[in-house]
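Just so you know, ligand 1 is whichever comes first in the structure, and atom 1 is the first atom listed for that ligand. In this chain, residues are counted from 1 in sequence order. Both backbone and side-chain heavy atoms feed into the values below; hydrogens, waters and symmetry mates do not.
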Amino acid sequence: MRSETQILSLCEIEKQNGYMASVREYTDCLFAENGIRPRVFVLTLGCQQNVSDSEKLSGMANEMGYDITDTPEDAHLIVVNTCAIREHAEKRALSLVGQYKHIKQKRPELIIAVCGCMVAQEHRVEQIKKSYPYVDLLFGTSSIHRFPEFLASKIKTKKRALHFHEPERVVAEDMPVHRDSSYRAWVSVMYGCNNFCSYCIVPYVRGRERSREKQQIVNEVRELVESGYKSITLLGQNVNSYGKDLDTEYDFADLVQELDSIEGDWWLDFMTSHPKDASRKLIDVMAAAKHVTHHFHLPMQSGSDSVLRAMNRRYDFEKYIGIVDYIREKMPDATITSDIIVGFPTESEQDFEDTLNALRRARFDMIFSFIYSPRKGTPAAEMEQISDKIKSERFERLLATQNEISLCQNKPLEGKTLKVLCDGRSKTDDGVINGRTEGGKIVLFEGDDSMTGKFLNIKIERGETFALYGKVVK
Ligand code: 5AD
Ligand code: SF4
């Protein structure tokens, strides 16, 4: 039994299906009049959870008769799925929305929707209402399943449909999904976060933790593997909390173990784990599994115990490094990646040095590094802030230290043959094919388009800081 969470009721799903059908009638009329199907452009900012939400928005738009385009200039419907994690992400969203104004001036029939984490904040909703009058639809992360309803209302009444965030107690199942890739897929296992790290906006914009029913997840993963997907990533803000809101002993490690029994040649990955909840049981399951990648993304955020306390992370460096050591003991070939924030309020020069030393001790293969960005409404935004100059100077030192470590982690791979999932032509160098190892390391090699979406064995000839270079082994 769930306490507060409700699976979206059948009646609500039928209601949304009804709205989808009415928008479909409208797009069919446009098609009959003009001979072309209207097009939707979905722009995604932020994390993998947003990518996954956008696949649902595209799936619904598709079902409502829109073809998908990757150029906003020829779209009839633009959906901007926003992020709020740092100020930069919000500025980018607002500036992009600003650019779409010019398209709407040329074609007033264009419908512009803004959704996602940024608009789950009241002050941003007010700002868009007032300063972006050409935005037609507005809805937060918890209302994504109501996109058809909002769109139908706009088409029918011609009025803006601006919906502020609703309480996030819903897990929406059985929504249409348009997956961007035919071999890499994202599967949410839980939504929201209860941790309230003092710098983070996520618990405010994505609400409390709620898990999907295990059978729904197992069915979805099985269908994906059967239809040829090679890499499946389980998503959640804190996957190790999976199941805690369901009245059951079944936890995330059990889920991973059950999914691992699905037959086929495929990889199972997950993110993100909170160090306070990452269990030995999960690591043991990973080490014994067939399909689970030896990759652990374990955000450390800081190497200083006093900063970790001020961040409300609820672990210290000793506990953290204990998990890293256990992962390496059970899986010596594991790729370990992390998130680090520099310039958190209270971070002294000594605290920062502690973080650099922690990097040297943990030997991450790669880190995602961030300059602390104050978020309105979070406790850390009220603390005394560090100057931008010190923040960027520490950021440079952090990158330099990690680059040396990444190089040291990649060099010993020279001469080894690694299994790589091929992603096709490299964006930066058209003549080169790129893929990723199970730990997400980029591998560059010669090949052709027929390799895309396939597993290949690549003999590594050169290990550099940001990539491995090799040759296909026949
Ligand atoms: N400022 C900078 N980085 C942040 N992160 C989350 N909130 C902030 C913030 N306010 C980082 C954390 C988290 C990652 C997804 O984003 O490192 O793990
Ligand atoms: Fe944010 Fe902390 Fe939750 Fe991660 S665990 S989403 S950093 S509050």
Can you tell me if Cys200 has an N, O or S atom under 2.8 Å away from atom 1 (Fe) of ligand 2?
-> yes
Using the ring of each side chain (for Trp, its six-membered ring), is Tyr320 parallel, tilted or perpendicular to Phe317, with breaks at 30° and 60°?
-> parallel
All heavy atoms of Asp260 vs all of His291, minimum pair found to be OD1-N, 2.6 Å
Minimum non-hydrogen distance to atom 5 (S) of ligand 2, winning option of Asp277, Asn195, Ile201, Asp339 | Asn195
Counting from 1, what ligand 2 atoms have a heavy atom of Cys193 closer than 4.0 Å?
-> 3 (Fe), 5 (S), 6 (S), 8 (S)
Hey, does Met118 have a side-chain heavy atom less than 4.5 Å from the side chain of Gln127?
-> no
Does Ile371 have a non-hydrogen atom less than 4.0 Å from ligand 1?
-> yes
Pull out every atom of ligand 2 sitting under 4.0 Å from any heavy atom of Phe196, numbered as shown with elements.
-> 8 (S)
If we only count heavy atoms from C-beta on, is the Asn194 to Arg208 side-chain gap below 4.5 Å?
-> yes
To the nearest 0.1 Å, how far is atom 3 (N) of ligand 1 from its closest protein heavy atom, and which atom is that?
-> Arg86 NH1, 3.2 Å
Does Lys244 pair with Asp277 as a salt bridge, N-O distance under 4.0 Å?
-> yes
Partner of Arg313 under side chain to side chain contact (heavy atoms under 4.5 Å, CB included), picked from His274, Lys319, Lys276, is His274
What is the nearest protein non-hydrogen atom to atom 1 (N) of ligand 1, stated with its residue, atom name and distance?
-> Ser373 N, 3.0 Å
May I ask you to identify, for Ile341, whether its side chain, its backbone, both or neither come under 4.0 Å of ligand 1 on a heavy-atom basis?
-> side chain
Heavy atom of the protein closest to atom 17 (O) of ligand 1 (residue, atom name, distance) = Gln301 OE1, 2.7 Å
Beyond-backbone contact of Ile341 with Met311, side-chain heavy atoms, under 4.5 angstrom = yes
Provide the number and element of each atom of ligand 2 under 4.0 Å from a heavy atom of His274.
-> 5 (S)
Numbered in order shown, the ligand 2 atoms found under 4.0 Å of a heavy atom of Tyr199 are 7 (S)
Ligand-residue contact atoms, ligand 2 with Pro203, heavy atoms, under 4.0 Å | 8 (S)
Got a sec: does the NZ of Lys416 have more than 12 other heavy atoms crowding it under 6.0 Å?
-> no
Take Arg397 and Glu393, measure what salt bridge (Lys or Arg N to Asp or Glu O under 4.0 Å) needs, and give me the verdict at the end.
-> CA-CA 7 Å; Arg397 284 161 67 200; Glu393 181 250 346; 3.3 Å; yes
Can you tell which part of Phe370 has a heavy atom less than 4.0 Å from ligand 1: side chain, backbone, both or neither?
-> side chain
For atom 2 (Fe) of ligand 2, what's the nearest protein heavy atom and its distance?
-> Cys197 SG, 2.3 Å
For atom 15 (C) of ligand 1, what is the nearest protein heavy atom, given as residue, atom name and distance?
-> Asp339 OD2, 3.8 Å
What atoms of ligand 2 come within less than 4.0 Å of a heavy atom belonging to Arg313?
-> 2 (Fe), 7 (S)
Who's the nearest protein heavy-atom neighbour of atom 7 (N) of ligand 1, and how far?
-> Tyr199 CD1, 3.3 Å
Lys129 with Glu122: basic N within carboxylate O range, under 4.0 Å = no
Would you say the ring centroid of Tyr204 lies under 6.0 angstrom from that of Phe196?
-> yes
Atoms of ligand 1 less than 4.0 Å from Arg375 heavy atoms?
-> 10 (N)
